[in-house]
Q: 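One structure is given below, represented as structure tokens, and several questions about it will come after.
Small disclaimer: the values here were computed from a predicted structure and weren't measured. Whatever order the structure lists ligands and atoms in, that order sets their numbers, starting from 1.
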Amino acid sequence: MAFELATYTQDAAALRVDDIAFDDFRDRPLSAEALRSLHYMADVETHTVCYLRDLLVTPSHQNPRITTFLTMWNYEEFWHGEVIDRILAAHDEDTGPARIRRVRRRQGLKNVVSPISQCLAAAAVGEDFIATHMSWGAINEWSTHAAYARLVAREDHPTLTTVLRRIMRQETRHVAFYTSEARDRLERSGRARRVTRFALRHLWAPVGSTVVPRAETRFLLGYLFGGEDGSHALRTLDQKVDRLPGLAGLRLVTRAVARFGVR
Ligand SMILES: [Fe+2]
Ligand SMILES: [Fe+2]
């Protein structure tokens with residue numbers, strides 16, 4: 001079924017947390033591992049606008065359906081970062097504009113190279129690039145949703161669970177858009193399938209791994225996706241990728257996580 005974009009543009013919203021007692025975390029704080037994971041997640045969520053910068057220089061920006069979605073998506077992801085920051089702030093952790101600025105500055109030359117190289121590569125591919133963008137987006141949203149689900153399970157903290165489940169509901173809408181667009185475009189074009197398969201196989205890396213230090217990605221993957229439950233979640237992610245036209249058998253997520261030394 002096609003994604004109802006008009007409904008989504010009406011429903012897209014800042015995550016509702018007016019009923020959340022963030023002081024609960026002062027009475028029952030999260031574990032050090034959960035806080036470290038949340039820092040990673042906040043850094044990634046607040047980086048969305050920079051990912052958007054790199055996507056608006058590609059053929060995706062010529063498609064109004066996609067730019068409408070990206071506008072709402074960026075808005076919702078912004079609030080995910082803000083809300084996770086409130087959880088971290090309740091633990092007196094380092095959050096806010098100074099940290100965000102540091103994360104962006106740390107990208108250094110990538111701030112220049114990344115939009116330029118993406119612009120050139122996507123222009124060479126043309127319209128079929130949109131299929132790659134949509135498939136990539138679907139895989140990243142699936143991964144993000146799975147990471148939140150794993151953190152909920154590992155930490156088992158009622159207030160955290162409530163907040164993360166609300167975030168996950170919005171991530172589910174993002175998944176729905178990306179997968180419906182990816183499926184259509186991959187089905188229509190053999191070239192789109194070939195380009196997307198090639199790009200994912202050679203360039204895809206776990207969400208956030210290009211933004212945060214390698215040690216943080218390694219920690220997060222080990223904490224949330226190590227062990228039996230974690231590897232089950234990874235296999236489920238790979239099965240989802242398998243169901244996109246032309247992308248079966250990549251074992252994309254499992255292989256990418258193994259590259260970080262996580263078993
Ligand atoms: Fe998000
Ligand atoms: Fe999302």
Q: Taking both backbone and side-chain atoms into account, decide whether H174 has an N/O/S atom under 2.8 Å from the Fe ion (ligand 2).
A: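 H174 does place an N, O or S atom closer than 2.8 Å to the Fe ion (ligand 2).
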
Q: Within less than 2.8 Å of the Fe ion (ligand 1), any N, O or S from E76?
A: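 Looking at E76, which is the residue asked about, there is no N, O or S atom under 2.8 Å from the Fe ion (ligand 1).
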
Q: Which of the N/O/S atoms in E77 sits closest to the Fe ion (ligand 2)?
A: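 Looking at E77, the N, O or S atom with the least distance to the Fe ion (ligand 2) is OE2.
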
Q: In degrees, rounded to 10 degrees, what angle do E171 atom OE1 and E141 atom OE2 make at the Fe ion (ligand 2)?
A: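 Value returned, to the nearest 10°, is 150°.
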
Q: Looking only at side chains, do T67 and H61 share a donor and an acceptor under 3.5 Å apart?
A: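 Result is no, nothing qualifies.
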
Q: Give a yes or no on whether the ring-centroid distance for F69 and Y8 is below 6.0 angstrom.
A: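 Yes, they do, as the ring centres are separated by less than 6.0 Å.
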
Q: Does the ring of Y223 carry R36 above it, NZ/CZ under 6.0 angstrom from centre and within 45° of its axis?
A: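 That pair does not qualify as a cation-pi contact.
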
Q: Check whether the side chains of D24 and T159 place a donor and an acceptor atom closer than 3.5 Å, and report yes or no.
A: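 Indeed, the side chains of D24 and T159 share at least one donor-acceptor pair under 3.5 Å.
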
Q: Among the N, O or S atoms that H80 has, which is closest to the Fe ion (ligand 1)?
A: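 Nearest to the Fe ion (ligand 1) within H80's N, O and S set: ND1.
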
Q: Ring centroid separation for Y178 and H174, is it under 6.0 angstrom?
A: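 For Y178 and H174, the ring centres are not under 6.0 Å apart.
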
